[in-house]
Amino acid sequence: MSAYDEVEIEDMEWNAELKAYTYPCPCGDLFQITLDDLRLGEEIARCPSCSLFLTVVYNAEDFADAKEPTTQKPSPSPVAVA
């Protein structure tokens, strides 16, 4: 069985709620791969809702001691009120 696609880790988004890197799946769900999977050298991101999977392209050395990415939301700007 072959992968649906090949995606660079930089094109994936960190999802703090799932604690995984995600990428949109055509079925409407998300392909997912955890930080632990990446540390172990795993390169397959699976969709929990269908049978599709991706090959994730990344440098394993970058994730050997990686910590959870922080998602920084922009600070709200003050709004002037008249």
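The first residue of the sequence shown is numbered 1, and numbering continues consecutively from there. Nothing here was measured: the structure is a model prediction, and the numbers come from that model.
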Next item on the list: Would you please name every residue forming a side-chain hydrogen bond (donor to acceptor under 3.5 Å, both in side chains) with Asp29, sequence neighbours left out?
Entry: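 Expected list: Ser49.
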
Report yes if the side chains of [X] and [Y] come closer than 4.5 Å at any heavy-atom pair, otherwise no.
| X | Y | result |
| --- | --- | --- |
| Cys47 | Gln32 | no |
| Lys19 | Thr34 | no |
| Met12 | Ile33 | yes |
| Ile44 | Thr55 | yes |

Margin query: Between Leu30 and Trp14, is there shared hydrophobic-cluster membership here, with clusters defined by ILVMFWY side-chain heavy atoms closer than 4.5 Å?
Written below: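 As far as the 4.5 Å side-chain criterion goes, Trp14 and Leu30 are not connected within one cluster.
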
I need the [X] [atom1] to [Y] [atom2] distance, nearest 0.5 Å.
| X | Y | atom1 | atom2 | result |
| --- | --- | --- | --- | --- |
| Tyr21 | Asn15 | OH | CG | 11.5 Å |
| Glu43 | Leu54 | CD | CG | 11.5 Å |
| Arg46 | Cys25 | CZ | SG | 12.5 Å |
| Arg39 | Leu35 | CZ | CG | 4.0 Å |

Checklist line | Test side chain to side chain contact (heavy atoms under 4.5 Å, CB included) applied to Pro24 - qualifying residues, sequence neighbours left out | finding: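 Applying side chain to side chain contact (heavy atoms under 4.5 Å, CB included) to Pro24 gives none.
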
Checklist line | Residues that Ala60 engages under side chain to side chain contact (heavy atoms under 4.5 Å, CB included), provided they are two or more places apart | finding: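 For Ala60 the side chain to side chain contact (heavy atoms under 4.5 Å, CB included) partners, ignoring immediate neighbours, are Tyr58.
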
Item checked: Any donor-acceptor N/O pair, Thr22 side chain to Glu13 backbone, under 3.5 Å ->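 A pair under 3.5 Å: yes.
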
Next item on the list: Verify, without hydrogens or angle tests, whether Glu8 (side chain) and Glu10 (backbone) share a donor-acceptor contact under 3.5 angstrom.
Entry: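 No.
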
Check: Which class fits the ring pair Phe31 and Tyr4: parallel under 30°, tilted 30 to 60°, perpendicular over 60°?
Finding: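 If you compare the ring of Phe31 with that of Tyr4, the planes turn out parallel.
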
